[in-house]
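Quick note: residue numbers are just sequence positions, from 1. For clarity, every value in this text was computed on a predicted model and none was experimentally measured.
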Amino acid sequence: MENVTVIHHDWTTDFDISWYKFDAINSKVHGRFMKALGLKLDGSWPLDDGAYNTITKDLKKHFENNIRTRFIITGHSLGGALAILFPVVLALHEQVGVLKRLIGVYTFGQPKVGDTKFGKFMDEMLESYGVKYYICL
């Protein structure tokens with residue numbers, strides 16, 4: 001049997017320091033993290049693919065048959081960055097039905113995802129929906 005070495009390149013996403021400008025909240029967010037969620041280079045969101053749309057669609061489908069279901073988002077490192085960005089993008093797309101079912105966001109070793117204005121918007125948005133946010137460094 002042959003030895004196979006698998007190299008993960010998620011760390012390269014952490015080191016790309018390009019920024020995406022969120023005009024709606026006058027702030028900047030790590031561009032590569034947004035791209036990982038599915039943001040296109042022109043600033044639009046694909047209609048049928050990408051992590052954000054796929055997860056949102058799957059959650060809504062699940063909620064149709066499970067009216068009391070609530071959920072928690074968690075992630076480590078790059079996954080932590082995506083975990084906290086997901087509910088912010090939900091808020092910007094006015095996905096209130098999904099946000100109302102979100103209990104909390106738990107991240108571990110999460111890198112910085114945005115500037116101070118973004119952080120303030122994120123904190124206010126999570127508080128307004130009663131979503132708990134825990135970050136473990």
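- Taking hydrophobic clusters as Ile, Leu, Val, Met, Phe, Trp and Tyr residues chained together by side-chain heavy-atom distances below 4.5 Å, Ile84 shares a cluster with Phe71.
- Checked against side-chain contact (heavy atoms from CB on, under 4.5 Å), Thr74 has the following partners two or more places apart in sequence or in another chain: Tyr106, Phe108.
- At least one donor-acceptor pair under 3.5 Å links the side chain of Arg101 to the backbone N or O of Thr69.
- Of all heavy-atom pairs spanning Pro111 and Ser77, the tightest one is CD-O, 3.3 Å.
- Considering every non-hydrogen atom in both Pro87 and Leu99, the closest pair reads O-CD2, 3.7 Å.
- Atom NE2 of residue His76 and atom CG of residue Leu82 lie 13.0 Å apart, to the nearest 0.5 angstrom.
- In this structure, Leu37 and Ile55 have side chains that are not in contact, with every pair of non-hydrogen atoms separated by 4.5 Å or more.
- Taking the side chain as every heavy atom from C-beta outward, Val29 and Lys21 never approach each other to under 4.5 Å.
- Taking both residues in full, the closest heavy atoms of Ala83 and Gly75 are given as CB-N, 4.2 Å, listed atom of the first, atom of the second, then distance.
- If you take OG1 on Thr107 and CG on Leu78, they are separated by 12.0 Å, rounding to the nearest 0.5 Å.
- Cluster membership for Val105 and Val96, using ILVMFWY side-chain heavy atoms within less than 4.5 angstrom, is shared.
- The CG atom of Asp115 sits 8.0 Å away from the CD1 atom of Ile25 when rounded to the nearest 0.5 Å.
- Residues His30 and Lys112 come closest through the heavy atom pair CD2-O, 4.3 Å.
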Please tabulate, for the side chains in residues 116-137, all donor-acceptor contacts under 3.5 angstrom to protein atoms that are two or more places apart in sequence or on a different chain.
{"unit_1": "Ser128", "atom_1": "OG", "unit_2": "Met125", "atom_2": "O", "d": "2.8"}
{"unit_1": "Tyr133", "atom_1": "OH", "unit_2": "Gln110", "atom_2": "OE1", "d": "2.7"}
{"unit_1": "Tyr133", "atom_1": "OH", "unit_2": "Gln110", "atom_2": "NE2", "d": "3.3"}

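- Leu102 and Arg70 get closest at one heavy-atom pair: O-NH2, 3.7 Å.
- Note: the hydrophobic cluster containing Leu85 does not contain Ile72 (ILVMFWY, side chain heavy atoms under 4.5 Å, direct or indirect links).
- Rounding to the nearest 0.5 angstrom, the gap separating the CG atom in Leu59 from the CG atom in Leu90 is 8.0 Å.
- When the ring-ring contact (aromatic ring centres under 6.0 Å, His included) test is applied to His93, the partners found at least two apart in sequence or on another chain are Trp45, Tyr52.
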